[in-house]
Amino acid sequence: MAEPKEHPLMEKIVSLCKRRGFIFQSSEIYGGINGFWDYGPLGAELKRNVKELWWTGMTRKRDDVVGLEATIIMAPQIWRASGHVDTFADLMRECPLTKKRVRADQVEPQSGTPIRFTGADSKISGWKVERNIRVLLSNGEHIEHARRKAREFFAIGSVDSKTGDWYQLELKGEIAEAPVVDSVDFHPESGVELGEARPFNLMFKTYVGPTATEDDVAYLRPETAQAIFAQFKNVLETCRQKVPFGIAQVGKAFRNEVTPRNFTFRSREFEQMELEFFIKPDEVIEAIYGNVATVPETGHPGEPLPNWGWQAWHQYWVDERVRFYEGIGLSRQTLGFHRQTPVELAHYARACVDILFKFPFSKRNEQGELIGEELEGIAARSDFDLSQHERFSGKPMGVFDEDLRTAWGKLDETKKAELSNRYYEARLKYLTKSGVEVEKAARDAKEDADNLAKGQYIPHVIEPSAGVDRLILALVANAYSEATSTDDKGKSETRVIMKFHPRVAPIKVGVFPLLKNKPELVAKAREVFQSLRGLMMAFYDDGGAIGRRYARQDEAGTPFCVTIDFDTLGEKPELLNTVTIRHRDDGRQERLPISELPGWLTARVF
RNA sequence: GCGGGUGUAGCUUAGUGGUAAAGUUCCAGCCUUCCAAGCUGGCCAUGUGGGUUCGAUUCCCACCACCCGCUCCA
């Protein structure tokens with residue numbers, strides 16, 4: 001398979017993934033299917049380890065996060081409430097000259113005179129074409145400007161475009177049409193009339209039930225998060241948690257991407273690890289604690305405090321997530337960060353920090369440094385999501401807080417008015433932005449503000465949302481390294497060593513008899529293997545020479561290899577029942593009693 | 001979706017309008033007292049479908065997949 005030469009490292013990684021059984025193309029024997037990938041034996045272990053570490057760290061080791069496992073297909077109204085039906089169904093229009101696409105509803109209005117052409121022919125090559133095109137000539141622009149664009153357009157696919165004679169194309173049927181004002185039909189960059197608007201719905205559609213009519217339409221979830229919001233009240237009522245607390249979920253999501261790209265980085269079926277961490281609105285914090293704690297915008301703010309508002313919680317989760325990545329071998333140098341600007345943020349979002357990984361295919365900035373691709377976004381989403389589901393389902397999503405009610409009663413009137421007003425303004429902004437008519441919005445916002453005084457509010461949410469498959473690719477790219485060695489005969493060869501952090505490595509330990517043709521070594525090795533395999537992923541190998549087995553494990557990324565030799569059997573009595581442990585990254589060996597193996601390994605691989 | 005590039009064993013590469021070649025990996029055996037040693041044997045390929053032709057892996061067309069750009073996002 002000929003790979004492009006742009007990213008030779010990426011080529012090697014893709015090749016290794018197939019060769020060693022990390023990642024295969026889905027349905028390969030049928031020619032594959034665009035945007036879908038399978039995990040082979042090593043990839044499956046790697047992915048399982050990553051998800052397990054996330055889940056354990058998120059839920060089992062925390063007091064304030066519980067888990068959820070929801071279905072992939074849910075009531076389609078969920079996707080109306082979440083906004084996915086609308087935002088995932090954008091109409092796009094394409095510029096026939098630049099091939100760039102713009103959202104039909106976001107074309108910058110242009111004014112000027114449309115010039116129509118009906119075709120062109122070449123005196124030089126005799127080539128001719130008949131196609132209609134309209135180019136907008138902005139006020140004050142010379143007519144040649146439009147002609148040049150038209151020639152460029154007609155030259156696409158012509159012989160003259162190859163010879164460079166395209167600018168001599170003779171245009172036909174030039175007519176200046178009536179001037180237009182604020183037209184959205186022309187590409188702002190090129191001035192060329194945009195193609196017809198076509199819908200780009202990125203949600204996978206399916207039908208529930210055998211009749212398959214339009215009434216039965218449902219969607220494969222494009223993200224796992226919405227189920228968490230939809231089940232928020234059920235979880236709250238059953239898990240004995242109080243805000244602030246979080247709900248975590250790992251699972252598949254589906255997006256009908258326009259262009260799946262970069263190996264598994266953008267797939268149509270992918271897996272997410274998402275946490276929705278519900279917090280009190282700042283007005284509630286201030287009512288109860290008198291102030292809202294502030295924390296620096298970088299660094300870990302320490303153990304959570306009761307008076308943390310959204311900003312502190314957001315910063316807390318950004319740093320918690322970075323710590324997670326560091327804990328599985330992605331150092332800060334390999335990561336990048338992007339704090340979304342107010343323009344990039346959704347209208348309901350307060351802040352969003354993206355954690356990036358610098359892939360070989362990542363773009364570079366002006367300084368030539370890799371920028372990175374998004375592994376995870378940590379968003380402060382206000383109370384938007386629960387509010388949406390409250391509006392769409394008609395079911396209340398607010399929580400009651402005894403502390404708030406008590407505290408509220410002790411506030412002086414000025415403070416009450418101030419907090420109440422701030423909450424009112426926030427609710428009003430949300431409601432009007434959501435298209436609720438002005439009068440009703442004011443009425444509902446007033447009701448929300450009154451409820452606040454009674455101890456009730458809709459929680460805000462901090463959402464760390466990570467892509468598992470992207471992370472796997474990052475770990476693979478990060479682990480990839482080569483070592484070139486030259487043997488006695490001067491023959492040099494390059495070996496691949498996958499330097500996975502032991503915590504994520506698919507195979508934790510390889511177990512070998514030094515020699516295969518000595519039954520007593522084999523028997524002892526099998527015995528050691530059997531004692532380890534229940535504790536962790538262990539791999540027994542007696543094929544080929546010992547060096548070859550080490551090399552094989554290096555390529556799989558196995559951090560430790562245990563070898564049973566004659567000393568294990570007591571050739572040197574003082575070494576009876578000891579084995580060598582060989583370290584992957586430097587080939588270093590040490591000797592350890594078999595009895596200490598489980599503890600020694602467990603301390604390093606979990 | 002549009003434009004550009006690429007498709008030969010698991011991998012890396014030869015090659016040809018007339019039986020598809022090699023290295024490596026892998027499997028089996030022998031041998032081997034710690035980093036892809038050696039010997040013997042073995043398995044495996046022209047992405048799919050059409051067309052031209054006596055004959056196509058080679059030439060043509062379509063499709064599929066992969067890579068790059070536009071676009072989008074976890």
Side-chain angles (χ1 to χ4, degrees), chain A residues 1-7 10-12 14-16 18-21 24-36 40 87-88 90 92 94-103 156-157 189 195 198 200 202 222-225 252-263 265-268 270-274 354-355 361 363 373-377 379 463-471 483 485 487-489 491 493-496 512-518 521 543-555 561 563-567 571 580 582 584 587-589:
Chain A
M1 194 188 296
E3 302 288 340
K5 303 293 176 252
E6 281 83 355
H7 304 297
M10 210 52 215
E11 281 178 58
K12 289 180 181 178
V14 172
S15 170
L16 174 109
K18 180 165 190 195
R19 188 168 75 243
R20 298 307 320 205
F24 304 127
Q25 200 180 358
S26 169
S27 320
E28 197 193 65
I29 60 167
Y30 291 102
I33 176 167
N34 191 321
F36 298 87
T87 61
F88 271 49
D90 297 333
M92 305 288 283
E94 192 171 83
C95 167
L97 177 62
T98 62
K99 302 298 177 194
K100 287 187 177 178
R101 269 199 308 273
V102 291
R103 272 179 57 172
I156 295 171
E189 278 178 39
R198 281 188 313 228
F200 277 66
L202 299 189
E223 62 170 40
T224 60
K252 287 284 182 84
F254 305 81
R255 290 185 194 175
N256 221 338
E257 291 293 341
V258 177
T259 314
R261 271 303 153 77
N262 289 324
F263 198 26
F265 187 79
R266 181 179 297 124
S267 303
R268 289 188 163 130
F270 59 101
E271 198 152 10
Q272 292 183 306
M273 306 187 290
E274 294 196 294
D354 294 331
I355 300 176
F361 53 77
K363 292 194 173 61
E373 308 293 327
E374 192 182 337
L375 289 183
E376 168 158 359
E463 178 188 88
S465 167
V468 184
D469 309 86
R470 294 180 165 193
L471 176 50
S485 56
D487 65 13
D488 310 338
K489 298 165 200 132
K491 202 174 79 178
E493 64 175 13
T494 301
R495 297 186 302 120
V496 174
F512 318 138
L514 182 59
L515 297 174
K516 186 189 183 180
N517 61 351
K518 295 287 184 287
L521 286 178
I546 188 76
R548 175 175 298 271
R549 291 178 232 153
Y550 286 144
R552 275 197 284 246
Q553 291 308 310
D554 286 345
E555 246 186 11
C561 288
T563 299
I564 283 72
D565 59 16
F566 292 96
D567 288 334
E571 194 167 279
T580 60
R582 180 258 192 186
R584 174 194 63 203
R588 176 166 52 95
Q589 289 194 6

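Note that the coordinates shown come from a computational prediction; the quantities given were computed from them, not determined experimentally. Just so we're on the same page: letters track the sequence lines, and every chain starts at 1.
Between the C1' atom of B:A37 and the CZ atom of A:Arg495 lies a distance of 14 Å, rounded to the nearest Å. Rounded to an integer number of Å, the gap from CG of A:Asp354 to P of B:C72 is 14 Å. The interatomic distance linking A:Ile29 (CD1) with B:C44 (C1') rounds to 16 Å, in whole Å. Separating the CG atom of A:Leu521 from the C1' atom of B:U32 is a distance of 12 Å, rounded to the nearest angstrom. The separation between A:Arg584 atom CZ and B:A36 atom P is 18 Å, rounded to whole Å. In this structure, A:Arg19 places its CZ atom 16 Å from P of B:A36, rounding to the nearest Å. Distance, A:Phe36 CZ to B:C66 P: 10 Å, rounded to whole Å.
A centroid separation of less than 6.0 Å is found between the aromatic rings of A:Phe265 and A:Phe361.
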Write down the protein N/O and nucleotide N/O pairs, taken from nucleotides 27-29 of chain B, whose separation is under 3.5 Å; answer none if there are no such pairs.
none

Give me, pair by pair, the N or O atoms of the protein and of nucleotides 60-65 of chain B that are less than 3.5 Å apart, along with how far apart they are.
| from | atom 1 | to | atom 2 | distance (Å) |
| --- | --- | --- | --- | --- |
| B:C64 | O2' | A:Gly31 | O | 3.3 |
| B:A65 | OP1 | A:Asn34 | N | 3.3 |
| B:A65 | O4' | A:Gly31 | O | 2.9 |
| B:A65 | O3' | A:Gln25 | NE2 | 3.0 |
| B:A65 | O2' | A:Gln25 | NE2 | 2.4 |

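Looking at A:Thr580, its side chain comes within 3.5 Å of the base of B:C34 through a donor and an acceptor atom. Judged by distance alone, with hydrogens and angles left aside, A:Arg470 brings a side-chain donor or acceptor within reach of the base of B:C73, the pair sitting under 3.5 Å. Checked by distance alone, A:Arg549 brings no side-chain donor or acceptor within 3.5 Å of a matching partner on the base of B:C35. In this model, no side-chain donor or acceptor of A:Glu374 finds a partner on the base of B:C73 within 3.5 Å.
Using N1 to N3 plus N6-O4 or O6-N4 for Watson-Crick, or N1-O2 and O6-N3 for G-U wobble, each under 3.5 Å, B:A14 pairs with nothing. The partner of B:U48 is B:A62, judged by Watson-Crick or G-U wobble contacts that both fall below 3.5 Å. Base pairing of B:A28: its partner is B:U40, meeting the Watson-Crick or G-U wobble criterion (both donor-acceptor distances under 3.5 Å). Both distances falling under 3.5 Å, in either a Watson-Crick or a G-U wobble arrangement, occur for no nucleotide opposite B:U33. Summarising the base pairing, B:A74 is matched to no nucleotide, lacking a Watson-Crick or G-U wobble pair whose two defining distances lie under 3.5 Å. Pairing of B:U57, defined by two Watson-Crick or G-U wobble distances under 3.5 Å, is not identified with any nucleotide.
In this structure, A:Asn34 CG and A:Arg268 CZ are separated by 4.5 Å, a value rounded to the nearest 0.5 Å. Here the CG-NZ distance, from A:Asp469 to A:Lys252, works out to 7.5 Å after rounding to the nearest 0.5 Å.
Note on A:Asp554: nothing from the nucleic acid sits closer than 4.0 angstrom, heavy atoms only. When heavy atoms are screened at a 4.0 angstrom cut-off, A:Leu16 is found touching no nucleic acid atom at all. Contacts of A:Glu271 with the nucleic acid, taken as non-hydrogen atoms under 4.0 Å apart, are absent. A:Gln553 comes within contact range of no nucleotide atom at all, as no heavy-atom separation falls under 4.0 Å.
To the nearest whole angstrom, the two P atoms, one in B:U58 and one in B:U53, are 16 Å apart. Between B:U12 and B:U6, the distance separating the two C1' atoms is 16 Å to the nearest Å. With P as the reference atom, B:G42 and B:A21 are 14 Å apart, rounded to whole Å. The separation of B:U48 from B:G7, taken at their C1' atoms, amounts to 12 Å, rounded to a whole angstrom. Spacing between B:C31 and B:G41 at atom C1', rounded to whole Å, works out to 15 Å. Of the C1' atoms belonging to B:G15 and B:U57, the separation is 10 Å, rounded to the nearest Å. For the P atoms, the distance from B:C63 to B:C2 is 9 Å, rounded to whole Å.
The side-chain contact (heavy atoms from CB on, under 4.5 Å) check on A:Thr563 picks up A:Phe512, A:Leu514, A:Ile546, A:Tyr550, A:Thr580, with sequence neighbours excluded. Checked against side-chain contact (heavy atoms from CB on, under 4.5 Å), A:Arg548 has the following partners two or more places apart in sequence or in another chain: A:Arg552. Contacts of A:Lys518 classified as side-chain contact (heavy atoms from CB on, under 4.5 Å), with partners at least two apart in sequence or in another chain: A:Leu515, A:Glu520, A:Leu521, A:Phe566. In this view, A:Glu374 and A:Asp354, A:Leu356, A:Arg470 satisfy the side-chain contact (heavy atoms from CB on, under 4.5 Å) rule, not counting sequence neighbours.
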**Request:** Might you work through the salt bridge (charged side-chain N to carboxylate O under 4.0 Å, His left out) test for A:Lys18 and A:Glu28, ending with a clear yes or no?
**Result:** CA-CA 11 Å; A:Lys18 180 165 190 195; A:Glu28 197 193 65; 2.9 Å; yes

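Counting only heavy atoms from C-beta on, A:Glu555 has its side chain closest to B:A36 among B:C31, B:A36, B:G10. Taking every side-chain heavy atom of A:Arg261 into account, B:G3 is the closest of B:A36, B:G3, B:U32. Comparing B:C34, B:G69, B:U12 by their nearest atom to the side chain of A:Asp565 picks out B:C34. Residue A:Thr563 places its side chain closer to B:C34 than to any other of B:U32, B:C34, B:A36. Listed nucleotides: B:A36, B:A74, B:C11. Nearest to the side chain of A:Ala551: B:A36. Side-chain atoms of A:Lys363 lie closest to B:G69 of the nucleotides B:U32, B:G69, B:C35. In the set B:C34, B:C72, B:U32, the nucleotide with an atom closest to the side chain of A:Arg266 is B:C72. Side-chain proximity of A:Tyr550 to B:C35, B:U33, B:C11: nearest is B:C35. Residue A:Arg582 has its side chain nearest to B:C35 when only B:C73, B:C35, B:C68 are considered. Minimum atom distance to the side chain of A:Arg255 is reached by B:C73, of the listed B:C73, B:A36, B:C34.
Within the 4.5 Å cutoff, no side-chain heavy atoms of A:Lys12 are placed close to those of A:Thr494.
A sub-4.0 Å separation between OP1 or OP2 of B:A37 and a side-chain N or O of A:Arg548 is present. One finds a side-chain N or O of A:Asn262 lying less than 4.0 angstrom from the OP1 or OP2 phosphate oxygen of B:C68.
In terms of position along RNA chain B, the nucleotide closest to A:Glu571 lies nearer the 5' end than the nucleotide closest to the other residue of the pair A:Phe263 and A:Glu571. Heavy-atom distances to RNA chain B give each of A:Arg588 and A:Gly544 a nearest nucleotide, and the one nearer the 5′ end belongs to A:Gly544.
Looking at A:Gln589, A:Arg588, A:Gln553 one by one, the single match for side-chain contact (heavy atoms from CB on, under 4.5 Å) with A:Arg582 turns out to be A:Gln589. For the side chain to side chain donor-acceptor pair (under 3.5 Å) with A:Ser465, the lone residue among A:Glu376, A:Glu223, A:Glu274 that qualifies is A:Glu274.
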